[in-house]
Amino acid sequence: MSASAVWRPFTQHAVEPAPPRIVRSEGAWLHDAEGRAILDAISSWWVTTHGHRQPRIMAAIREASENLDQIIFAGLTHAPAEDLASRLVGVAPRGLTRVFFSDSGSTAVEVALKMALGTFQNRGDLKRVRIAALEGGYHGDTIGTMSVGARGVFNAPYAPLLFEVERIPFPEPGAEQAAYDALERAGRDGALAALVLEPLILGAGGMLTYRPEALSEMARIARAAGALVVADEVMTGWGRTGTMFACDQAGLVPDILCTSKGLTGGAVPLAATLAREEIFEAHLSQDRAKTFFHSSSFTANPIACAAALANLDVWRDEPVAERVAALAQAQTERVRAYEDDPRFANARTCGTIAAVDLKVSDAGYLSEIGPRLRAFFLERGLLIRPLGDVIYLMPPYCVTAAELDRLHDAILEVPGALEAAR
Ligand code: PLP
């Protein structure tokens with residue numbers, strides 16, 4: 001039996017080596033017990049925006065914990081949650097007026113699905129019970145979010161528990177019509193409650209990007225069919241795609257918006273599902289059966305809310321938008337290196353995110369490639385977790401030009417190193 005009692009996420013313990021033990025984090029860097037520094041090029045699963053242990057966020061956590069710990073959020077309230085809700089309304093696409101707190105990206109999306117269904121049920125539109133979602137989407141690992149996400153090896157054992165959704169083809173740039181047609185067909189019978197999508201970029205689905213115009217058009221079609229638009233901004237929020245929220249680039253105000261990850265700058269867990277007033281109103285009634293029945297023990301944790309408020313202060317007081325723009329520009333320049341290289345394909349960026357497909361000849365080999373690539377990067381002190389043959393970088397915004405060069409240089413080395421090891 002292994003010495004550790006921990007059962008790790010997305011980890012095949014039978015084949016994966018024991019992970020480095022991290023003892024300190026700072027900026028873009030993680031430091032392990034052996035004294036090794038590791039450059040966090042994936043923002044610790046896309047959460048860390050400004051950098052690890054951002055001083056103002058850490059100070060806010062310390063300060064909040066002097067006065068408050070978890071306080072039940074039904075029947076009681078507290079300043080960190082009240083202030084955060086009103087400030088989130090201020091930075092979110094205009095028209096989202098209500099904020100429901102939970103603890104993770106998955107719960108933010110579960111809450112959104114329940115809000116959408118509850119809205120129609122409470123209005124007496126009992127037929128609207130179906131959800132449409134993009135092919136290749138990822139929305140979390142709970143039963144509801146796996147149902148709206150892509151099916152595959154990751155959720156095959158649980159398929160009997162998952163509900164069916166209308167799959168809308170990915171709106172491939174230049175070939176969006178298939179997505180529009182499918183969505184129109186899905187909406188025809190008046191049973192569609194919501195379209196759920198990751199705006200502008202599918203994250204876990206392979207960092208696939210699509211145009212803001214396609215986002216607007218899909219939202220238009222869904223609404224014309226009477227459905228709500230749910231934007232899952234769990235990954236895309238807080239500057240990742242170049243704007244505060246990805247929806248901003250399409251001028252889209254979704255009916256429901258999910259945020260987590262960068263909400264606290266990535267320091268501690270917190271999520272929020274923002275909704276338009278009509279959705280709140282659909283749950284407003286003297287009839288208690290129309291209550292929005294969702295809670296979790298740690299809803300609106302005051303310390304996490306304080307961290308999120310400090311994150312908003314950082315956005316307000318520091319040139320974060322400029323940092324994001326500079327990183328986006330640097331990524332655009334760096335990905336040119338892959339464009340004429342026949343060993344790579346489909347080099348792309350979406351704001352601060354850069355991705356490229358590694359061309360590999362045999363698919364059997366492909367199944368082994370993920371762990372090998374991770375080991376390759378880790379040996380060089382880089383934390384990069386490719387998604388199959390897709391290598392991507394999503395660093396915190398404090399990453400320097402020299403660090404970014406180091407990351408891209410390592411990616412350029414990959415094909416040669418894999419060839420040599422064959
Ligand atoms: N939605 C999107 C778009 C995500 O990328 C993720 C996580 O990567 C989730 C939802 C789930 O978030 P969490 O892992 O915090 O439950």
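Just so you know, these numbers use all the heavy atoms, side chains as well, and skip hydrogens, waters and symmetry mates. First listed ligand is number 1; within each ligand, the first listed atom is number 1.
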Candidate pair Lys127 and Asp189, rule salt bridge (Lys or Arg N to Asp or Glu O under 4.0 Å), full reasoning: CA-CA 9 Å; Lys127 195 179 163 201; Asp189 64 358; 5.4 Å; no
Arg240 and Glu233: CA distance, side-chain angles, deciding distance, salt bridge (Lys or Arg N to Asp or Glu O under 4.0 Å) verdict: CA-CA 10 Å; Arg240 283 293 177 204; Glu233 293 248 16; over 6 Å; no
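Other residues, nucleotides and ligands contribute more than 12 heavy atoms inside 6.0 Å of the CZ atom of Phe163. Heavy atoms of other residues, nucleotides or ligands lying less than 6.0 angstrom from CD of Gln70 number more than 12. Annotation for Ile72: atom CD1 does not count as buried by contact number, only 12 or fewer foreign heavy atoms lying within 6.0 Å.
Looking only at protein heavy atoms, the nearest one to atom 6 (C) of ligand 1 is Tyr138 CE2, 3.6 Å. Of the protein's heavy atoms, His139 O, 3.1 Å lies nearest to atom 10 (C) of ligand 1. Ser106 OG, 2.6 Å is the protein heavy atom nearest to atom 16 (O) of ligand 1. At the shortest separation from atom 15 (O) of ligand 1 among protein heavy atoms lies Gly105 N, 2.9 Å. If you check which protein heavy atom lies closest to atom 3 (C) of ligand 1, you get Asp232 OD2, 3.3 Å. Closest to atom 8 (O) of ligand 1, if we only count protein heavy atoms, is Lys261 NZ, 2.9 Å.
With a 4.5 Å cut-off on side-chain heavy atoms, Arg8 and Glu16 do not count as touching.
Contact atoms of ligand 1 toward Met235: 5 (O) (distance under 4.0 Å to a heavy atom of the residue). The Glu198 neighbourhood of ligand 1 comprises atoms 3 (C), with distances under 4.0 Å to a heavy atom of that residue.
Contacts with ligand 1 closer than 4.0 Å are made by side-chain heavy atoms of Trp46 only, the backbone lying farther away.
Under the rule for a ring-ring contact (aromatic ring centres under 6.0 Å, His included), Phe298 has no partner lying at least two apart in sequence or in another chain.
For the pair Glu233 and ligand 1, no heavy-atom separation below 4.0 Å is found.
Nearest to atom 9 (C) of ligand 1 by heavy-atom distance, out of Val234, Val47, Val196, is Val234.
Partner of Thr264 under the side chain to side chain contact (heavy atoms under 4.5 Å, CB included) criterion, chosen from Ile303, Leu270, Val47: Leu270.
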